[in-house]
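To start, the structure under review is shown below, and the notes come after it.
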Amino acid sequence: MVILVSLVVPAAVAVWLLTGGRGVSHRSANRLATAASVVALAAVVIAVVVRPTVDRGWVPSLGLRWELAVDGISAPLLLLTAVLGVGVVLHTLDRPPQGGTTAAFHACLLLVEFGALATFYARDAVLFFVAFELVLVPMWVLITRFGDAHDPAARADAGGRFILYTAFGSTLMLVGILALVTKAGTSDLDVLAQGGGHGISVGTQTLVAALLVAGLAVKVPVFPLHTWLPPAHTTAPTAGSVLLAAVLLKMGTYGLVRLPLASLPEGFSRVAPVLAVLGAVGIIWGGLACLVERDLKRLIAYSSVAHMGFVVLGLSSGTRTGLQAALFANVAHGVISALLFVVVGGLKERWGDADLQTARAALREVSPRLGFALIVGLAASLGLPGLAGFWGEFLSVYAAWSPADDRPQGLFRALAVVAALGTVLAGAYALRVARTVWAGERTTPFIEDSRASEWGVIAVLVLGVLLLGIAPGPLLAMTGRAVSTIIGAAP
Amino acid sequence: MSDAVEVTLRAVGVLAAFLVLPLLVGQTEHKVMAHMQGRLGPMYAGGFHGWAQLVADGVKFVQKEDITPAAADRRIFRFAPAVALVPYLVALAAIPLSPDVVAADLPASAVFVLAATAVGILGTLMAGWASANKYSLLGAMRAAAQLLSYELPMVLAVASVCLAAGSLSLSGIAAAWSPWWLVFQLPGAVVFLVAAVAELQRPPFDMPVADSEIVFGAYTEYTGLRFAFFLLGEYAGIVVMSLLFAVLYLGGWRGLFSDQLGWLWTLLKGFCIAVVVIWLRVAWPRLREDQLQRLAWLVLVPLALAQLAITGVWVVTTA
Amino acid sequence: MIHLAGPYLLAALLAGLGAYGVLARRNAVLVLIGVELILNAATLLLVSVASAGADRWAAGNVLTLFVITIAAAEVVVALAVVLAVYRLRGDVDLADSLPGDAGTGMPPKGTVDDRATSEVIR
Amino acid sequence: MSPYVVIAAVVAVGLLLFVAAMGARALLAPRAPTRAKLTTYESGVDPVGRDWAQTQVRYFVYAFLYVIFAVDAVYLFPWALVVRGRLGAVSLLEIAVFIGILLVGLVHAARRGLLRWL
Amino acid sequence: MIAPTAASTSLVTFDWLVLGPVVVPALGAVAVLVADVLAPRLVRVHATVGLLALAAGLALAMPGALRAGDAPLRTLCLPAPDGACLFEAGPLASALQLGAIGSALVVLLLSWPGTDPREHLRGGPAVLVSLVLAATAGAAGVAAAHDLGSWLVCLELATLPAIALVALRGDVHAGRGALALLTTSLVSFAMVVLGAALWLVSTGEAVFAPGAAADALAHPQRRVVLLLAALLLLAGLGFKLSLAPFHVWTPQAYAGSTEPVAAFLAATSKVAALAALLVLVKALVGAGAPVIVAFGLLAAVSMTLGNVLALVQDDPVRLLAWSTVAQAGWVVLPLSALDGRAAAASGGYLLAYVVATLVAFVVVHVVTSTPRLGGAVDHGRTLTAYTGLLRAHPLLGGALGLALLSLAGLPPGVIGLIAKVVALRPVVGQGQWVLAVVAVLNAVIGVAVYLRWFAVLLRDPQEGPAQPVLRTIPRPALAALVLAGLALVATSVMPQLLLGLLG
């Protein structure tokens, strides 16, 4: 029941905003959306604690059911989504969106939240796909309508790239899902995970796993398929960037865990080395790009590519540690990138653009709160111990150093080294940003510091970063059980 | 007798009938028209009442120069007369004069005869088209439109007879004929006769060749023997239609001594019909093109359908 | 019984001729004629099968009747459309109606009785 | 012997007649073509314009009507053959419906002025 | 000749109720013509008669749709020794009938007399109504026909009035469109007839029965003839279904006709064509590689070509025309699996497409037929005319938006997404990976096609050339919009409503 509440309330409010409530003022729309997302958050929290299940028929002729549940893998992501759902709505309070009606903006935010929650709840492969697709259009609207007001062409391009890439990925995934469902005879994800691909030939498993991985890799994104991400992040409004980085990308990794890794372990093990290599390349590529990137927002986006590289590397290692690391890094990246995008988005609004070459007032001087948040974010992002980023990346590299038995050990060790190098790159670009933006003496042109709702959101995210860094235990424990059901007794 | 010989004999027999009967009708027309109009008609050729007039005409046609206009589509222009004539010959072959006297006893001869006669119009169309003459084309168009319009009532009328007889064969129809048909097939018979005259482009339905309007229609450019072929075709058409009428509506060879003289009865009945056709020419003025079309679609077609309905009810109630 | 090789061969010939006509001609009326040839090939096949007794329920004959009727209906619609187009454009060339051609159509040449044509399609 | 063979023979004889007659003509008739003789006949006036000039589209109307109605007669003949068998009154009704629909078409054509010349 | 076989005792069985979906619209067509003769001025009455006939047809098609798949309603069954039924209305056939009749209903509402100020159709509304009804009867008939004769007749009954409908507008564009459609139909008819004749030659049966086809497939010589027949029939129907390379007429005909007629071509005509195809496909199960390859090629080429060309269109009607070509490719995609589920999948995809495309056409019609400020002369036939429609007129904009998303297969147009799942499932199930990848690529291009238009809807109305003055939508058009829109929303929320019909 709570599951349905957490889904229906945002969806219903979004639909009302799109139809009946088109004319409402910004404040009332925001209040309404806040209320809806808070209700959803409460329901998600309850659901995470109570772990209820929903199972209702929807399209019998396809065998498609509303099969929803919460487990250790999805719980952190659900929480993350629900929290950020509240966060982005609150963050919008002081910033009436440009380019469209405020009602539509809020509706899109709520729809993205609805789609993401449904994706994480879904326990039916086809339903997963449907929910996966749900976020596309609202996100696309956020980018193309409400994005960077200065550059309509870039908006259209970014939105188009986003939706075409991800639609390609998800359709490819659909082919994989259909193949999997046809071969296994069921679309229930739990049953599929239990079956573990038994009775399907290795060749088919590999093919299907490759399809699924390729499809999901677009969303993650994994190295050569990442080119949609930087423009999308750059042009999207802050709320959109936050959702994109913290929620949408997670759907990709979550899908990787649920579908190929859990359902087709043998096939996945064939694909994993390739995926791991691409993850490592992504780490280096993202880091190098960050070193030379002039646009701050785009820089953060590239750093996302690098971070997701760690997640992918952890996933590919095939060990419990690796999977744990991946799941942890996933959540950590969600929080960190949300923080960074809120800060950077705020800076871009204040500066008018996000070019690092332009001389600006040092944040340390004119806007200490934003500066502090930026430094925390950067520090967490480079994997400083004690902050959220550390555990995921550290464990990923560790897992890659000692991968599962059926993985080529030499290759993975080499990748571990490469990934470690990547953290060095991360340090380099983090310092570069800190030096150009935060440090210095200039005080002109003046920009306002963060206040009110924005500061509230930032504070919560900073708190999250610190908490995850200092006390990773609860989260690791939460994922631990679920991980062992997926990867049996492996170390 | 071997098959080849028999086939040859039959074909030649048909040809003979085809050459003689139209001349007979033509001569009759000359004389009957003349007397109806209070004059004598041809009196010299051959001596007795000008009996050889048409033969003389034929000889004259053969000797006349045959001109193909420079603008004409030569091959089609030259071949058109054959297309106009041969179908009637073929149709004649399928009409029984009596159960025995028939060149080709086809199973669906009623339909076959209708189909064969309809081909003749192609000759007229070819002639009109190939002449490269406005009057010719106009005449051909009129002829085609007329044939199309009157084909339908005719077919429907024949369908009604076939329905009454339960046979598509002319022999079968004549065999099933009873004097009652004279009454309840009367509307159909009238429709058939009118439609037949119209198909033959005979007055009062001779708009396609209306000399006061379009010179001589499709045949304007024709001379000599080719022109004669078209004329022969017209009279052969009268023969075919009259015989068909006799077989369909008048019981064909039914009559006294029909076992021996059946063929004579058929010819006699057909001859009477031919006289009626000639009489129509004398008695009525030419219709206008629109009157002609309206007559077909708004009078004859409904009438034929009504006839069909009557026959249908009759058949079902008596069967 | 008629030996079927002859009719089949003739049908193939007719169909081939018709196909050539359809493919080679750009005038709608000539395409129509090509189509009629193909249809005749088909009906020839149908009656051949029927005469050989190779079908049940006299299907070949019945189908032939159907095909003739439908073909007639096609011809009626076809002629009406062709005439309407001729009246509007002055030609029935198919090239103009292929995509990629932005031709505006030629003005009517006025050689046809407009009013009468409009009756056709009214 | 099939009656169709006779029909074929009759067609052949007919063509033979045509050929023979034309042969006779070639032997007997004079030939003296002149330019004036070969000109298209235009009631004494020199021919002007295309031969399409007077072609009336209205003739096609009758072609349409004919094709619509006459082809349907195709069904009447088979029906006429079998109606006295098992079909009986019901089939009479059916054919009446069939013809009735045709009549509606005819009335329609008449109402829309297709049968008016002017 | 046809001689009565006196021995057998009873004639074919006859069930009016089962034949209803075919007979009632046909009778409606005649009734409209009679009404037109008796009372030429009461045009609303004519339209109402048509509407009632279609509604009755819908009602009569329901029982068949609710039957179990293995127990279809049968009628026109031959006497005992043969036992074949010429008319079988199972769930799939009845669902297609519902689709055809329902879309005709929407088209009829859309072309309601007196609501479109621009067009003066030749012959008045009665002609249009009776043509629509006749074509609908054909479409309903061909879905259930199982013998060559009624199949052919119904197929052409569905086609010929469509040509006349296109020509009705009577201007140069209509003429050109009608000519294109006409030539196509002629050629397609010739191919279908030749195919049918060869079918009879190879199987000796005048029914589309799997048994007969299987017999023929077992003999090498007859197999060749049967395959030739199948390919000819397939090509002929490909014309009607606008499958590339037989699609050339589609944009011409759509652009030349009025929007309601274009909608009719896109919906009812397509249902008829697919229904005809499915009857054939059911008999061809087991024909093997040639047919499968043919379907696969047709699907791949149509999708790709249609999508790519739709991407560069600026006239919404032309865009929808090319989209039809692409969607036709999706429709036949599952048939390349040639198994039992494929037919239902294909039908399901088609119905989803029909609902969405109808909504799109309704909106295009309303926008096009509405006078606008600023003297814009494009009459809604460019994409820019839709600038900001979502805000300027939420109902129209929302409906069009949902339709476009459905066609693109993106939520909230869930039915489009589910349809893609349905269509891909048999292909993937049979392991046709190449085809699946082509389909994936086309899904992406399709998204680009429809979002290009959708993005225009999203814009600020002020950016557009001139705002549409949509004071009031004519009531029949509103009814059409509500009817089709509700169907779209309902099927998006509950896809089972549509898929359940297919058994």
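Any value given below was found using the heavy atoms of this structure, including those in side chains, with hydrogens, waters and symmetry copies removed. In what follows, every chain begins at residue 1, and chains take the letters A, B, ... in the order their sequences are listed.
For the pair A/Trp58 (side chain) and E/Val493 (backbone), a donor-acceptor distance under 3.5 Å is present.
Only the backbone of E/Leu390 comes within contact range of chain A, with at least one heavy atom under 4.5 Å from a heavy atom of that chain. Contact annotation for A/Leu174: only side-chain heavy atoms (C-beta onward) come within less than 4.5 Å of a heavy atom of chain E. E/Val414 touches chain A through its side chain: at least one heavy atom from C-beta onward sits under 4.5 Å away, while N, CA, C and O do not. For A/Thr182, the part lying under 4.5 angstrom from a heavy atom of chain E is the side chain only. For A/Leu134, the parts lying near chain E are the backbone and the side chain together; criterion is any non-hydrogen pair under 4.5 Å. Looking at A/Leu211, only its side chain comes within 4.5 Å of chain E, counting heavy atoms on both sides. When heavy atoms are compared at a cutoff of 4.5 Å, A/Leu207 approaches chain E solely by way of its side chain, counted from C-beta outward. Residue A/Leu64 touches chain E through its side chain alone, counting heavy-atom pairs closer than 4.5 Å.
Chain E is approached within less than 4.5 Å, heavy atom to heavy atom, by A/Val126, A/Phe129, A/Val130, A/Glu133 from residues 121-133 of chain A, ordered by number. Heavy-atom proximity under 4.5 angstrom to chain A picks out E/Leu441, E/Ala443, E/Val444, E/Val447, E/Ala448, E/Leu451 from residues 441-452 of chain E.
The CD1 atom of A/Ile163 lies 5.0 Å from the CG atom of E/Leu410; values are rounded to the nearest 0.5 Å. Here the CG-OG1 distance, from E/Leu417 to A/Thr171, works out to 8.5 Å after rounding to the nearest 0.5 Å.
Of all non-hydrogen atoms in E/Gly500 and A/Ser61, the two that sit nearest each other are N-OG, 4.3 Å. Taking every heavy atom of both residues into account, A/Lys183 and E/Gly429 meet most closely at NZ-O, 4.4 Å. Across all non-hydrogen atoms, the minimal contact from A/Arg145 to E/Arg459 is NH1-CA, 3.4 Å. Across every non-hydrogen atom of E/Pro411 and A/Val137, the tightest pair is O-CG2, 3.3 Å. The two residues E/Ala436 and A/Val175 come nearest to each other via the heavy atoms CB-CG1, 4.0 Å.
In this structure, the side chains of A/Thr144 and E/Phe454 stay at 4.5 Å or more apart for every pair of heavy atoms. You'll find the side chain of A/Leu62 reaches within 4.5 Å of the side chain of E/Arg425, heavy atoms only.
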